[in-house]
Amino acid sequence: MEKQVRVRFAPSPTGALHIGGVRTALYNYLFAKKMGGIMILRIEDTDQTRFVAGAEKYIQESLEWCGIKLDESPWNGGQHAPYRQSERKPMYMAYALRLVEEGNAYYAFDTPEELEEMRTRLEAAKVVSPQYNAITRTQMKNSLTLPEDEVKRRLASGEPYVIRLKVPRKEEVRLQDMIRGWIMVHSSAIDDKVLMKSDGMPTYHLANVVDDHLMEITHVIRGDEWLPSAPLHVLLYKYFGWEDTMPQFAHLPVLLKPTGEGKLSKRDGDKFGFSVFPLQYHDPENPQNSSSGFREDGYTKEAFINFLAFLGWNPGQGSQKEMFSMEELIEAFSIERIGKAGIKFDINKAKWYNQQYLKLKSTTELTEFLFIDLKANHLVCEQSKAEKITDLLKERIVFPTDLYKEGIYFFKTPTTYDPEIVKSRWNDEVKTALNGIKEALSLESEITAASVKELIHSVLEKLGIKMGKVMQGVRLAITGVGAGADLMETMAILGKTEVLKRIELSLKVLG
RNA sequence: GCUCAGUUCGUCUAGGGGUUAGGACGUAUCCCUUUCACGGAUAAAACACGGGUUCAAGUCCCGUACCGAGUACCA
């Protein structure tokens, strides 16, 4: 029987969780659930200098909103707790030491200044990529070059040191990526990466391999930016003797800016006018670091997830289905169908998805959104009227707030009239029609969409005016704008008195 | 620079040797309608380039170009 699938999403709490991170989490989740496996979240907080308070909470809330459920995490525990690397700190040194003892790693005492000096020296000597490696380490201060007693003395004196991986000089490192196939890298292209930092914390490379092994991770699904260091991780698995249980790798293609130049970054949200974060983010220490989120922009989570899932993945096999619920995504998902190329971000598709999902919602549900904006603007409205308005408008909205934005004229008598429409559509014929409608309307007791339509028809017929020529002017008089939902329905909701009032007002204001 | 990846309509993509290269978003036009939208229909729009392999290449191989990622005691 196959081993149970265990995947992890491993963000670092350095700020708001980027949309690309959400996608990585989503793919992990979809794969885990598809395989009947376990989804784990591990907080990678080994860099204390970049720690941001509140970031972890943000990650948690984001995933909750998306409906990505965690089987094991810092918040709900699990058999491999703790799930924060900072809390696992004591474990890592032993593994690093084991590497040192077995001759696969070594102590290094070089100061930042000395490292900098080495780089400038190498650059001056026209070395293309200065790195700490099999060649240069012979000239640095480490346990490979220093006498044994000197190393012991430095260690005992509490002098700061790091532990570096001793990368072999000539060796072919290969790994199989589930998305990209076989990848081969020569060890000379990898430098002697730091495994343990001088503050006693492991670097990502060590921590990730140790934790993935300990947590029995079977598949590592992560961003493309890790691909270049994946061979290094393979080397670590090898030195630890964990090759047999090494997870399978899948490196996801990056999300690019709409222009395609570089990956989508925090700043791009402002630049291109859309959010790059799932939730609104407020940085208490750095308010200008705050950002808008998809949730607050009015995207439903269903649309957000559907949109995100299709950024680099599709069900293939000739499927033309675009709308997928989380359950359907799980059912259809496979790593093999993830693309290799970077994806340019296009917010239009997200808007379209949102529109589709909003249409699927019931009028009652949508009316809730209308009430939110109504309350915020200190307006009251009867439930039945609000539902009628929602019903009328629901086909035209992209965001829930459009209900209020589009329907503002239901709640406020227009005080201004769209100058463009006034210019092109306001004329004597319209005024004649309006006067005729006003007269006929004042004789009515109450109106319905059908009755008012009939009324207008007969008035215009009597006056010898074609409907198409004046109706936009009539709309302007009643709503102040040139576009909107069915005008007859609109008038019926407004009621006879209000319609009359507005006609008179327009005649007075526009002359 | 070096290493590793990638390249089908403007965008997301289907396609796995033989297709009029399909769909979706967006765009345009038409229909519906009192207008705008919705809906329906139609259209414009792509295999980066050059070599091979093959009877046959978007599909396989090799170069070139371009694009991206990585190149930290960051993840």
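Just so you know, these numbers come straight off a predicted model, no measurement behind them. Note on naming: letters A, B, ... go to the chains in the order of the sequence lines (proteins, then strands), and numbering restarts at 1 for each one.
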Check your understanding: What nucleic acid atoms does A:Arg425 come within less than 4.0 Å of, heavy atoms only: base, sugar-phosphate, or nothing?
Key -> nothing

Exercise for review: Pick base, sugar-phosphate or nothing for A:Gln131, based on heavy-atom distances below 4.0 Å to the nucleic acid.
Suggested key: nothing

**Study point:** A:Arg396 vs B:G39: side-chain N/O to OP1/OP2 distance below 4.0 Å
**Key:** no

Exercise for review: Could you tell me whether A:Leu487 contacts a base, only the sugar-phosphate backbone, or nothing, with contacts defined as non-hydrogen atoms closer than 4.0 Å?
Suggested key: base

Exercise for review: Using the C1' atoms only, state how far B:A21 lies from B:U33, rounded to an integer number of Å.
Suggested key: 37 Å

Check your understanding: So, A:Tyr357 versus A:Asn306: side-chain donor-acceptor pair below 3.5 Å or not?
Key -> yes

Review point. Atom NZ of A:Lys351 and atom C1' of B:U11: how far apart are they, to the nearest Å?
Key: 14 Å

Under-3.5 Å N/O pairs linking protein and nucleotides 22-30 of chain B:
| residue | atom | partner | partner atom | Å |
| --- | --- | --- | --- | --- |
| B:A24 | O4' | A:Glu322 | OE2 | 2.9 |
| B:A24 | O2' | A:Lys349 | NZ | 3.2 |
| B:A24 | N3 | A:Lys349 | NZ | 3.0 |
| B:C25 | OP1 | A:Trp352 | NE1 | 3.4 |

Exercise for review: Pick base, sugar-phosphate or nothing for A:Val194, based on heavy-atom distances below 4.0 Å to the nucleic acid.
Suggested key: sugar-phosphate

**Study point:** Minimum-distance nucleotide (side-chain atoms of A:Lys359 versus B:G70, B:C4, B:C38)
**Key:** B:C38

Point to revise | Sugar-phosphate only, base, or nothing, as touched by A:Glu406 at under 4.0 Å among non-hydrogen atoms | key: nothing

Review point. Taking atom types as modelled, is there a side-chain donor on A:His251 or A:Arg180 under 3.5 Å from an acceptor on the other?
Key: no

Check your understanding: Which class fits the ring pair A:Tyr58 and A:Tyr281: parallel under 30°, tilted 30 to 60°, perpendicular over 60°?
Key -> perpendicular

Exercise for review: Return the minimal non-hydrogen interatomic distance between A:Asp191 and A:Leu232, and the atom names on each side.
Suggested key: O-CD1, 4.5 Å

Exercise for review: Using the C1' atoms only, state how far B:C60 lies from B:G26, rounded to an integer number of Å.
Suggested key: 35 Å

Exercise for review: Return yes when atom NZ of A:Lys141 has more than 12 non-hydrogen atoms of other residues, nucleotides or ligands closer than 6.0 Å, and no otherwise.
Suggested key: no

Review point. With both distances under 3.5 Å as the test, what is the Watson-Crick or G-U wobble partner of B:C9?
Key: none

Provide a list of protein-nucleic acid N or O atom pairs under 3.5 angstrom, restricted to nucleotides 45-47 of chain B.
none

Review point. Whom does B:U3 pair with, Watson-Crick or G-U wobble, provided both distances fall under 3.5 Å?
Key: B:A69

**Study point:** Phosphate contact (B:U8 OP1 or OP2) by A:Lys340 side-chain N/O below 4.0 Å
**Key:** no

Check your understanding: Which nucleotide, B:G70, B:C74, B:G68, lies nearest any side-chain atom of A:Glu225?
Key -> B:G70

Check your understanding: With a 3.5 Å cut-off and no angle check, do the side chains of A:Asn435 and A:Thr432 form a donor-acceptor pair?
Key -> no

Check your understanding: Is the gap between the ring centers of A:Trp313 and A:Phe333 under 6.0 Å?
Key -> yes

Practice item. May I ask you to say what A:Ser198 touches in the nucleic acid, namely base, sugar-phosphate or nothing, with a heavy-atom cut-off under 4.0 Å? Key: base

Revision key, fill the gap. Any strand, both distances under 3.5 Å, Watson-Crick or G-U wobble: B:C30 pairs with B:G40

Practice item. Please work out if A:Asp177 contacts a base, only the sugar-phosphate, or nothing of the nucleic acid, heavy-atom cut-off 4.0 Å. Key: nothing

Review point. Using 4.0 Å as the upper bound for N to carboxylate O, is an ion pair formed by A:Lys321 and A:Glu328?
Key: yes

Exercise for review: Determine the contact category for A:Asp486: base if any of its heavy atoms lies under 4.0 Å from a base atom, sugar-phosphate if only primed atoms, P, OP1 or OP2 are that close, otherwise nothing.
Suggested key: base

Point to revise | Closest contact, heavy atoms only, A:Pro315 versus A:Phe324 | key: CG-CZ, 3.7 Å

Study note, to complete from the structure: Sorted by position of nearest nucleotide on RNA chain B, 5' first, the leading residue of A:Leu227 and A:Met471 is A:Leu227

Exercise for review: Respond yes when some side-chain nitrogen or oxygen of A:Arg337 is under 4.0 Å from OP1 or OP2 of B:A14, and no when none is.
Suggested key: yes

Review point. Looking across every strand, which nucleic acid part, if any, lies under 4.0 Å from A:Lys263 by heavy atom: base, sugar-phosphate, or nothing?
Key: sugar-phosphate

Point to revise | Nearest-angstrom distance, C1' atom, B:U11 to B:U53 | key: 34 Å

Practice item. Hey, could you give me the CD/OH distance between A:Gln85 and A:Tyr92, rounded to the nearest 0.5 Å? Key: 4.0 Å

Review point. Given the C1' atoms of B:U27 and B:A45, what is the spacing between them in whole Å?
Key: 10 Å

Exercise for review: Determine the sole option in A:Tyr107, A:Tyr106, A:Tyr132, A:Tyr161 for which the side-chain hydrogen bond (donor to acceptor under 3.5 Å, both in side chains) test with A:Asn142 is passed.
Suggested key: A:Tyr132

Review point. Do the side-chain N or O atoms of A:Thr46 get closer than 4.0 angstrom to the phosphate oxygens (OP1, OP2) of B:A75?
Key: yes

Exercise for review: Taking the side chain as every heavy atom from C-beta outward, state whether A:Val481 and A:Tyr409 have any pair of such atoms under 4.5 Å apart.
Suggested key: yes

Exercise for review: Provide, to the nearest angstrom, the distance between the CZ atom belonging to A:Phe304 and the P atom belonging to B:C12.
Suggested key: 18 Å

Review point. Checking all strands, does A:Gly312 fall into the base, sugar-phosphate, or nothing category for heavy-atom contacts under 4.0 angstrom?
Key: sugar-phosphate

Review point. Side-chain N or O of A:Lys197 less than 4.0 angstrom from OP1 or OP2 on B:C74?
Key: yes

Review point. Using a cut-off of 4.0 Å on non-hydrogen atoms, how would the nucleic acid contact of A:Arg119 be classed: base, sugar-phosphate, or nothing?
Key: sugar-phosphate

Review point. Are OP1 or OP2 of B:A14 and a side-chain N or O of A:Asn314 less than 4.0 angstrom apart?
Key: yes

Exercise for review: Would you please confirm or rule out a distance under 4.0 Å between OP1 or OP2 of B:C36 and any side-chain N or O of A:Arg475?
Suggested key: no

Review point. Under 4.0 angstrom, heavy atoms only, what part of the nucleic acid is A:Gly262 near: base, sugar-phosphate, or nothing?
Key: sugar-phosphate

Practice item. Pick base, sugar-phosphate or nothing for A:Met201, based on heavy-atom distances below 4.0 Å to the nucleic acid. Key: nothing

Point to revise | Nearest-angstrom distance, P atom, B:A14 to B:U7 | key: 10 Å

**Study point:** 5' precedence on RNA chain B between A:Phe310 and A:Lys453 (nearest-nucleotide basis)
**Key:** A:Phe310

